[in-house]
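In what follows, every heavy atom counts, from backbone to side chain, and hydrogens, waters and symmetry copies are set aside. Each chain gets a letter, A, B and so on, in the order its sequence line appears, and its residues count up from 1.
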There are 2 protein chains.
Amino acid sequence: MNLKDLAQHLGLSPTTVSRALNGFPEVAEATRVRVEAAAREYNYRPNTQAKRLATGRAMAIGHVIPISTQHEIVNPVFADFIAGAGEVYARAGYDMLLTIVPDAEQERAYREIRSKGNVDGIIVHGPRAGDPRIALLEDLGLPFVVHGRASGITRPYAFVDVNNSRAFERATRFLLDLGHRRIALVNGIEAMDFALRRRRGFERALAAADLSPDPRLMVAGEMTEAQGHDAARAMLRLSAPPTAFLTSSLLSAMGVRRALWEDGLVMGRDVSIVTHDDELGYLRNGAEEPIFTATRSSVREAGRRCATMLLRMIESPPPEPASELLEAVLVVGGSTGPAPGGAT
Amino acid sequence: MNLKDLAQHLGLSPTTVSRALNGFPEVAEATRVRVEAAAREYNYRPNTQAKRLATGRAMAIGHVIPISTQHEIVNPVFADFIAGAGEVYARAGYDMLLTIVPDAEQERAYREIRSKGNVDGIIVHGPRAGDPRIALLEDLGLPFVVHGRASGITRPYAFVDVNNSRAFERATRFLLDLGHRRIALVNGIEAMDFALRRRRGFERALAAADLSPDPRLMVAGEMTEAQGHDAARAMLRLSAPPTAFLTSSLLSAMGVRRALWEDGLVMGRDVSIVTHDDELGYLRNGAEEPIFTATRSSVREAGRRCATMLLRMIESPPPEPASELLEAVLVVGGSTGPAPGGAT
DNA sequence: TTTGGCATCCAAAGCGCTTTGGTGGCGAGT
DNA sequence: ACTCGCCACCAAAGCGCTTTGGATGCCAAA
């Protein structure tokens, strides 16, 4: 059943039917009702491709998720982010187009997306410091919102980000206030912008307490359970082991916890842990009471915000790119306590 | 730059240019070369919408991922599955369309997808026993491949699945052979088909050893770290606690491991753990040597297989739906050992 | 009675591609 | 010299929708 058929059934022209269905004013209310009833009855759905071709709007948003060849990891936050964004798209009648692209082919992929014209906008995932994709997309004139930011890029662009540096500064201060002086940082790969900012926040808090960061207590890598475990295990064997850990992911924190157990240390008493918590659906930090003290910020909500912002940009391009900075909240769980034996 | 422009530049008709670019035989080789060169030079990309409208093929595959309202979990395996499928689509020039749909609106969503006609086929995620979506899709005449199976549906349909029952039967037998008699099952939600089959495999192995399953040693729920922990903690307090655990996910296994530690038990000596391992990118079971003894099967590979199968179905509809049953391999890690104190 | 304006509806021209059903020209066969 | 067949190309008709630019009829105003 297509427009023409429907129009024929109704004894109307396709024009009128189209306008009736799309809420144009120049169609009598009675007619509109009649058309809508018929559309429902015959279960008419306008063909998307035709609509797209005619309007020039794809009614779809592209998500390009980079896949590193070196570190073959599919970031576990994507699923939740996508779920959040998907909700928004569904409500607005947009489709979500996913493209998995090896790091090296990013540029080609973006250009191709642009010229194929099957999306109206793009969400940029996993920005790095000075990420070239931002300039590229601006150049291509494709509306986009970055999930995160790219340090070093000065021209304004649309983004939704968590205030990572503030969160980690706050978390570090929290540990400092508890008397900890040797605090370890188990971070994500620091080519990623969010990890960079977290380190900066960490260092800023240390500096404010007149402490300088100890490179032996800082590690960056893929945020897995094994990473947390291995890093903690090694650090705990130092002559001056850390009394607290700050980790970038719940998985890493779980790894650190395991290392503590292996050494017979009690979490929250002998050694404290603070972690960032993205509130992933399948990785909760406890039910009501948090297990780990954490800087918490829902990545799913970030997905919603990104999507909303992008759709708004597409509907009516703003003169200035908007941006949104979400503040993580510090929730206190059982993984932290005063530094043992007083300050060093 | 569109077809017409390009044709004009070349002094050819759009017809010829189209045929040249699409590899039709009735165009002189010299002309084809000339056209291709020009296309490259002007960076011409055929407009996808137009192509789709003209050919009637969407060149896109839909993934409908159900989102439960009760258990608000975004299944962590989706990300990896999608990554695998995405590779295949990219190579074949297909797009991947993601739709996040609440459980209740599944049917509506499928019908809508069908009538909007913006995909050529669908991957069905998270099938349940007797899943109604299969009949629906058959009814709609939309090519589809199920990732998993739906017990109770007898008419043949295309699927790619892991032999879950065999895997868990094998894992259980492995534990039985080690002398374990009280084996706990920490399963996924048993409305999901894969979880059902795993339980069946588990019970089959027990039955073969003349043991009957103990309901107190069986739990089903969301496969999180907390689930594993809480389940194990409770079971270890039974008058006859299990000497081994079989879990459906690495996360659950990690939770069980935590419960063991809390009780001062040594994994692999006092209590054994076998888990299923989907080989998720961010959740590895050790680097070279596996930490947990596990039934291992890459969900990413399953994604590739599903995608490949679906594309093949679309290119040339087979008379009979194909199917593929992947066998999980049992890898032995440090989490298992002989049952302490001999058999019970 | 004429005119203008408004409310409704419609014909037809796209959107950019594919595809059907040709046409023109050239070499081979007779 | 003429026909036939094939090679290389092209004009035009879709695909199913939107949108421009009217057309028609009716009523109020003059």
Side-chain angles (χ1 to χ4, degrees), chain A residues 1-36 38-39 42-60 93-95 112-120 315, chain B residues 1-36 38-39 42-60 93-95 112-120 315:
Chain A
M1 171 64 62
N2 58 19
L3 228 211
K4 217 205 290 185
D5 294 345
L6 186 61
Q8 214 141 29
H9 274 283
L10 282 160
L12 287 171
S13 79
T15 311
T16 306
V17 176
S18 170
R19 317 216 91 151
L21 258 23
N22 290 317
F24 281 71
E26 60 268 73
V27 43
E29 202 44 42
T31 315
R32 187 192 307 283
V33 170
R34 203 159 63 88
V35 171
E36 275 166 352
Y42 294 113
N43 196 28
Y44 166 75
R45 286 308 137 95
N47 177 297
T48 323
Q49 330 301 349
K51 194 168 199 154
R52 286 175 176 172
L53 181 56
T55 57
R57 301 198 33 195
M59 292 304 283
Y94 276 74
D95 285 337
E112 194 160 310
I113 285 173
R114 163 80 243 201
S115 44
K116 291 208 310 180
N118 45 182
V119 302
D120 297 318
E315 306 291 345
Chain B
M1 171 64 60
N2 59 18
L3 228 211
K4 217 204 291 186
D5 295 344
L6 186 62
Q8 214 140 29
H9 274 283
L10 283 159
L12 288 170
S13 79
T15 310
T16 305
V17 176
S18 170
R19 316 216 93 151
L21 259 22
N22 291 316
F24 281 70
E26 59 267 74
V27 42
E29 203 44 42
T31 316
R32 188 194 306 282
V33 170
R34 202 159 62 90
V35 171
E36 275 166 354
Y42 295 113
N43 196 28
Y44 165 75
R45 287 304 139 98
N47 177 297
T48 322
Q49 330 301 347
K51 195 168 199 155
R52 286 175 176 172
L53 181 55
T55 57
R57 302 200 31 198
M59 292 305 284
Y94 276 74
D95 285 337
E112 194 159 310
I113 285 173
R114 164 80 244 203
S115 44
K116 292 208 309 182
N118 46 183
V119 302
D120 297 319
E315 306 290 346

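What you find for A:L3 and A:P14 is that their closest heavy atoms are CD1-O, 3.8 Å. Heavy atoms only, all atoms of each residue included: B:P25 and B:R32 are closest at CA-NH2, 4.3 Å. Smallest separation of non-hydrogen atoms from A:A60 and A:N118: CB-O, 3.6 Å. Closest of all the heavy-atom pairs between A:G117 and A:A58 is O-CB, 4.0 Å. In terms of heavy-atom proximity, A:N2 sits nearest to A:Y44 at C-CE1, 3.6 Å. Contact between B:H9 and B:Y42 at its shortest, heavy atoms only, is ND1-OH, 3.3 Å.
Near-neighbour residues of DNA chain C inside residues 9-21 of chain A, defined by a heavy atom below 4.0 Å, number-ordered: A:G11, A:L12, A:S13, A:T15, A:T16.
Exactly one of B:L10, B:V17, B:T15 qualifies for a side-chain contact (heavy atoms from CB on, under 4.5 Å) with B:S13. That residue is B:T15.
Although no hydrogens or angles enter the test, the distance criterion places a donor-acceptor pair under 3.5 Å between the side chain of B:T55 and the main chain of B:K51. In terms of modelled atom types and a separation under 3.5 Å, the side chain of B:N22 and the main chain of B:F24 share no donor-acceptor contact.
Where B:L53 and B:A28 meet DNA chain D, the nucleotide closest to each residue was compared, and B:A28 sits on the side nearer the 5' end. Both B:R32 and B:A54 lie close to DNA chain D; mapped to their nearest nucleotides by heavy-atom distance, the more 5′-ward contact belongs to B:R32. Each of A:V27 and B:K51 lies near DNA chain C, and the nucleotide nearest A:V27 is the one positioned closer to the 5' end.
Between the two ends of the helix from C:dT1-D:dA30 to C:dT30-D:dA1, each summarised by a five-pair axis, the helix axis turns through 60° (rounded to 10 degrees).
The separation between B:F24 atom CZ and D:dC10 atom P is 16 Å, rounded to whole Å.
A:K116 NZ to B:R52 CZ: the interatomic distance, rounded to the nearest 0.5 Å, is 6.5 Å.
The footprint of chain A on DNA chain C, defined by a heavy-atom cutoff below 4.0 Å, extends from C:dT8 to C:dG16.
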